[in-house]
Amino acid sequence: MRILRGALSAVLALGIGAAQAQEKKPGEKLKVGFVYVGPVADYGYSFQHDQSRKALAAALGDKVETSFLENVPEADSERSIESLARSGHGLIFTTSFGFMEPTLKVAKKFPKLKFEHATGYKRSPNVSTYSARFYEGRYICGEIAGRLSKTGTLGYIASFPIPEVVSGINAFMLGAQSVNPNIKLKIVWVNTWFDPGKEAEAAKALLAQGADILSQHTDSAAPLQEAEKQGKLAFGQSSDQMRFAPKAQLTSIVDDWDGYVIAEAKAVLDGTWKSHDTWGGIKDGMVVLAPFANMPDDVKAKAEASKKAIADGTLHPFHGPVIKQDGTEAVKAGETAPDPMILGMNWYVKGIEDKLPQ
Amino acid sequence: MIQMVLVTIVAAATPLMIAALGELVAERAGVLNLGVEGMMVLGAATGFAVAVETGSTLLGAAAGAGAGLALAALFGILTVVLSANQVASGLAMTILGLGLSGLVGASYVGLKREPAPHLNLAGLTDLPGIGRLVFGQDGFVYLAFALVAGVWWFLWRTRAGLILRAIGDDHTATHALGLKVRRVRFRAVLFGGACAGLAGAYLSLAYTPFWAPAMTAGRGWIALALVVFASWRPLRVLAGAMLFGGATVLQLHAQAAGLGLPGQALSALPYLATILALVLLSLGKRQGGSLAPAALGRVFTPHR
């Protein structure tokens with residue numbers, strides 16, 4: 001893929017295709033490009049996104065042509081996005097939070113192209129945003145962990161202190177507290193999305209500190225494997241990672257973008273595409289939980305029940321009262337947190353002892 | 001608990017140590033190889049692939065070193081034989097290595113195998129306090145320490161090592177003396193590549209025993225910084241690797257223990273330490289001079 005990237009840059013350098021966005025001729029295929037922050041073979045976040053690219057190619061095979069760039073560093077993503085824009089792509093998915101500003105910048109230069117940015121919050125007339133309510137899945141993980149932990153201490157490997165990660169930690173903690181009010185949560189920030197070695201070290205550190213169930217918001221299977229090695233339990237990330245830890249994985253929050261990606265491509269083809277924001281959850285099939293495993297049947301049944309309750313709206317992870325770490329009330333009793341609050345979450349709930357890095 | 005932390009620090013330091021020692025020898029001979037990251041990741045992919053196919057960790061490690069060596073041979077042909085720019089060629093090797101490793105490892109993603117076996121000596125390994133630290137590591141760790149001693153002995157106690165260092169300091173003079181500048185440099189580059197490949201194989205066979213693309217996550221670059229930090233001396237590489245590895249591991253443990261240390265600052269520590277070491281050493285040593293091998297990075301074209 002780097003070769004493709006190199007070729008694209010070469011095309012760029014030659015000035016071929018440097019003209020403004022080409023109008024799509026009737027009967028011509030829609031070129032859909034994807035930009036990934038990690039390798040497609042990470043069996044995690046980027047892998048799941050690439051699954052949706054394949055699903056798109058399968059569903060609309062005769063009308064679309066797909067391509068992707070992987071391992072695109074966030075700091076250097078503008079060049080990659082622009083290379084897709086210049087090479088005749090009509091719809092471009094930029095799939096990492098850090099691609100937000102570069103996406104908007106390139107979108108401004110190519111007003112006729114459509115852009116889709118995952119997990120961001122800034123839109124423009126030709127930039128849509130989409131994300132999944134991962135926190136719904138994390139709440140259920142928290143419940144499971146709270147029920148199964150023997151030491152009463154859970155471990156969490158976190159990447160960067162952005163709202164998506166913080167709301168995930170809070171939902172996990174609230175879920176755990178709902179079954180065990182005295183549960184403790186230890187958090188390690190590794191400042192990377194993908195570094196197997198460092199993630200494994202973080203897992204070792206958490207297990208050494210008495211955590212017996214690990215959750216992670218990083219992309220490699222190394223923490224799961226570490227848990228498996230030490231006979232502890234853990235949750236997978238982004239895709240079903242059972243193959244790495246058949247005795248340790250309880251479940252995994254699986255991102256399923258297939259439906260969304262296909263719908264958006266269809267909208268572009270029909271000319272009905274409009275900039276909008278989508279935030280789908282368990283109900284929409286965007287957040288899927290891998291089959292529950294390595295837990296007693298009653299815990300499994302309760303997890304299934306919670307999943308159903310979240311899908312039909314009777315259970316909301318941020319249902320009040322939600323108390324912040326400093327003791328102030330964030331959500332009143334009987335109310336649920338509005339979406340903007342969850343999307344901008346930069347505080348911990350009560351009971352978490354870590355200090356949120358700023 | 002303390003022993004457990006020390007064991008993980010040694011494990012984190014080992015790949016840095018192996019890769020940095022190889023690079024140190026190449027740089028002592030006057031060749032700056034910026035392709036360490038690429039050779040490392042190719043070694044990780046090839047090592048894992050061969051280990052899965054043959055079921056042998058030893059063969060995997062050898063294949064990893066071999067893959068690094070092969071990429072280094074290409075680098076050597078470009079820079080030593082054809083006198084191409086070392087910086088550009090090295091960066092090209094990193095990109096090529098990352099790409100090739102994805103190709104080699106493509107069908108091995110998602111597989112897992114048992115980690116490399118750890119030494120287990122009856123009685124000794126179970127000694128309280130230091131047993132696991134001294135007698136319970138895997139083979140790579142002992143090899144890394146043996147390499148430190150071996151490289152030190154070679155560079156400072158053998159004639160060949162003296163020649164290598166002399167070539168790294170002044171290729172024109174050594175060439176005039178009739179020494180084989182290009183042959184020595186080429187071999188030094190090969191050794192560096194093999195070490196980088198071996199360090200990569202350690203990652204995919206022992207440290208986190210699976211293959212994932214780009215799993216080296218910048219360790220090749222840290223190894224390069226480590227050589228500078230160590231001011232091109234093998235024993236300081238050992239100390240520096242422990243410091244770099246220790247900084248990473250300790251900050252994670254500090255977080256897990258709930259100590260309020262800023263993780264980002266601690267993550268940057270290795271690089272800050274390198275800058276500091278450079279400043280201090282260049283102040284302390286020769287006036288206005290540099291500690292680096294004088295001909296480092298300079299292209300040598302022999303007169304015919």
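Reminder, nothing fancy here: chain letters follow the sequence lines and each chain counts from 1.
Summarising the geometry of G197(A) relative to R219(B), their closest heavy-atom pair is CA-NH2, 3.5 Å, with the distance given to 0.1 Å. Minimum heavy-atom separation, P196(A) to F210(B): CB-CZ, 3.9 Å. Taking each heavy atom of E201(A) and A12(B) in turn, the nearest pair found is OE2-CB, 4.0 Å. The two residues A217(B) and F194(A) come nearest to each other via the heavy atoms CB-O, 4.2 Å.
Most heavy-atom pairs under 4.5 Å with chain A, from the set G218(B), A257(B), A212(B): that is A257(B).
Between V188(A) and the choices Q251(B), Q255(B), H253(B), the side-chain contact (heavy atoms from CB on, under 4.5 Å) rule is met once, by Q255(B).
Proximity to chain A (any heavy atom under 4.5 Å) is restricted, for V249(B), to the side chain, taken from C-beta onward. The parts of T8(B) that come within reach of chain A are both its backbone and its side chain, each placing non-hydrogen atoms under 4.5 angstrom from that chain. If you measure heavy-atom distances from M215(B) to chain A, the contacts under 4.5 Å come from both the backbone and the side chain. Contact annotation for L96(B): neither backbone nor side-chain heavy atoms come within less than 4.5 Å of a heavy atom of chain A. In this structure, no portion of P15(B) lies under 4.5 Å from any heavy atom of chain A. At a 4.5 Å heavy-atom cutoff, the contact between L206(A) and chain B is made by backbone and side-chain atoms alike.
Atom CD of Q209(A) and atom CG of L252(B) lie 11.5 Å apart (nearest 0.5 Å).
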Begin from the C-alpha positions of T208(B) and E226(A) and carry the test side chain to side chain contact (heavy atoms under 4.5 Å, CB included) through to its verdict. CA-CA 8 Å; T208(B) 49; E226(A) 193 59 42; over 6 Å; no

